[in-house]
Structures are given as structure tokens and as C-alpha cells.
Amino acid sequence: MLEDTEDTEDTEDTGTAVDPAALLRGRGLQVTAQRLAVLRAVDARPHSTADDIDRAVRADLGAVSRQAVYDALAILTEKGLLRRIQPARSSARYESRVDDNHHHLICRTCGRTVDVDCAVGETPCLAAADDSGFQIDEAEVIFWGYCLDCTKETPTQEVLRRA
Ligand SMILES: [Zn+2]
Ligand SMILES: [Zn+2]
């Protein structure tokens with residue numbers, strides 16, 4: 001019966017509902033226009049590169065130095081308000097979905113990056129065959145492949161499938 005009242009645990013996807021200034025203060029960070037703009041920009045464009053965020057923040061605030069945007073990304077990531085992923089052969093990407101252990105699907109052709117829920121939910125969601133004595137706390141998973149659009153545009157794939 002108690003379970004009915006446990007709605008408070010349901011804090012996922014509160015990106016827009018939570019006051020971003022309160023988020024910053026909650027992590028002991030000073031509230032600045034740059035940091036708020038960076039949070040907004042990442043929220044609006046998950047998996048953006050620092051360059052993308054820089055452009056968005058500049059369009060939003062006007063005169064902001066690139067360094068200020070990069071600094072804001074770094075501190076927000078360090079404080080756990082943003083998550084940084086670093087796919088192979090790509091620039092680092094940022095997202096504001098930080099409260100779960102979700103993974104990513106990345107298209108090898110166009111780089112499209114999509115969230116995918118973790119089938120297990122908690123870290124580490126894969127068991128290492130041999131942990132070599134490490135205390136493992138995370139398994140970083142990226143699913144590589146081809147998105148729907150890129151599969152369509154590759155006729156050879158179609159031929160292969162029919163063969
Ligand atoms: Zn693609
Ligand atoms: Zn993501």
C-alpha cells in the first residue's frame with residue numbers, strides 16, 4: 001500500500017520542469033547567463049558537440065566567448081549536470097539526460113545519435129568475464145550501425161538483403 005505514495009522517486013525527464021538556476025545552486029555553482037544558456041542549449045539539442053553548443057549559445061546570448069562556453073560545458077559536466085560521451089572518431093557530445101544509465105545508438109554514416117534505454121538499468125550493466133581485481137562501476141555501451149535513412153541510401157545493402 002505504501003507504494004502508491006512513492007511518486008517522489010519519479011524524477012526522470014524533469015529537464016524543463018526543474019529551475020535550471022536551482023540546479024546550478026544545488027551543485028554549488030554560481031548562476032551565470034552563460035551556464036544557463038549552455039544548459040538550455042544542451043537540453044534543446046541532445047548529443048551536440050561543443051561547437052554546436054557554442055553556436056547555439058552565441059545565437060541566444062550574443063557576445064559570449066568560445067572559451068566561456070567550453071568552460072561552462074566542462075564545469076557542468078564535472079558537477080554531473082551534463083553527461084559527456086566520446087564516440088570513436090567523433091568530437092565529444094553533451095546531453096542533459098544524466099539521471100540514468102542509458103546508452104547510445106550511433107550511425108556510422110551520418111553520426112546520428114539516439115538514446116536507448118539500458119536493458120538492465122543500473123551500472124555496470126555488463127559483467128566482465130574477468131575483472132582482474134577491478135572494482136567495476138560502469139560498462140560504457142555504444143551500439144554502432146546504420147540509421148534508417150542511411151540504410152535506404154545504400155543500395156548495396158538492399159542488394160545484399162535480397163541475395
Ligand atoms: Zn545515418
Ligand atoms: Zn543520450
Side-chain angles (χ1 to χ4, degrees), residues 7-24 26-27 29 34-61 64 66 68-128 136-163:
D7 282 359
T8 44
E9 246 196 10
D10 189 24
T11 51
E12 65 176 315
D13 221 53
T14 47
T16 47
V18 168
D19 174 18
L23 277 179
L24 289 172
R27 305 295 165 115
L29 289 171
Q34 285 100 323
R35 286 172 184 165
L36 290 175
V38 166
L39 279 180
R40 270 199 303 275
V42 176
D43 221 31
R45 305 165 190 71
H47 316 124
S48 291
T49 63
D51 279 346
D52 297 333
I53 302 301
D54 183 47
R55 263 192 298 276
V57 169
R58 212 179 300 273
D60 186 6
L61 289 188
V64 188
R66 190 180 178 76
V69 172
Y70 278 61
D71 288 349
L73 281 170
I75 190 83
L76 293 171
T77 303
E78 189 193 312
K79 296 290 183 176
L81 292 176
L82 295 180
R83 177 172 161 193
R84 182 182 189 274
I85 57 169
Q86 175 69 74
R89 295 180 304 280
S90 159
S91 305
R93 291 165 182 277
Y94 295 87
E95 64 185 342
S96 56
R97 183 176 165 183
V98 292
D99 49 3
D100 64 6
N101 180 47
H102 75 274
H103 305 304
H104 296 99
L105 307 170
I106 304 181
C107 175
R108 290 188 192 278
T109 304
C110 69
R112 180 177 300 174
T113 303
V114 175
D115 285 340
V116 56
D117 288 342
C118 177
V120 175
E122 302 122 24
T123 60
C125 54
L126 287 176
I136 296 173
D137 57 38
E138 182 183 355
E140 191 175 84
V141 181
I142 293 180
F143 298 94
W144 292 94
Y146 300 92
C147 75
L148 206 56
D149 288 345
C150 291
T151 319
K152 274 188 217 142
E153 280 161 22
T154 315
T156 49
Q157 300 257 343
E158 198 57 35
V159 172
L160 282 173
R161 207 174 299 145
R162 275 183 212 157

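Ligands are counted one by one from 1 in listed order, and the atoms in each one are counted from 1 as well.
- The minimum distance between the Zn ion (ligand 2) and any N, O or S atom of Glu95 involves atom OE1.
- Of all the heavy atoms in Arg112 and Cys147, the pair that sits closest is NH1-SG, 3.9 Å.
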(Q) Using side chain to side chain donor-acceptor pair (under 3.5 Å), reason through Thr123 and Asn101 one step at a time and then give a plain yes or no. (A) CA-CA 7 Å; Thr123 60; Asn101 180 47; 5.5 Å; no
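- Counting all heavy atoms, side chain and backbone alike, Val38 lies closest to Ala72 at CG2-CB, 3.8 Å.
- At a cut-off of 2.8 Å, His47 is counted among the residues with an N, O or S atom near the Zn ion (ligand 2).
- Around the Zn ion (ligand 2), the two atoms OD1 of Asp115 and NE2 of His102 are separated by an angle of 90°, to 10 degrees.
- The local environment of CD in Gln86 is crowded, with over 12 non-hydrogen atoms from other residues, nucleotides or ligands closer than 6.0 Å.
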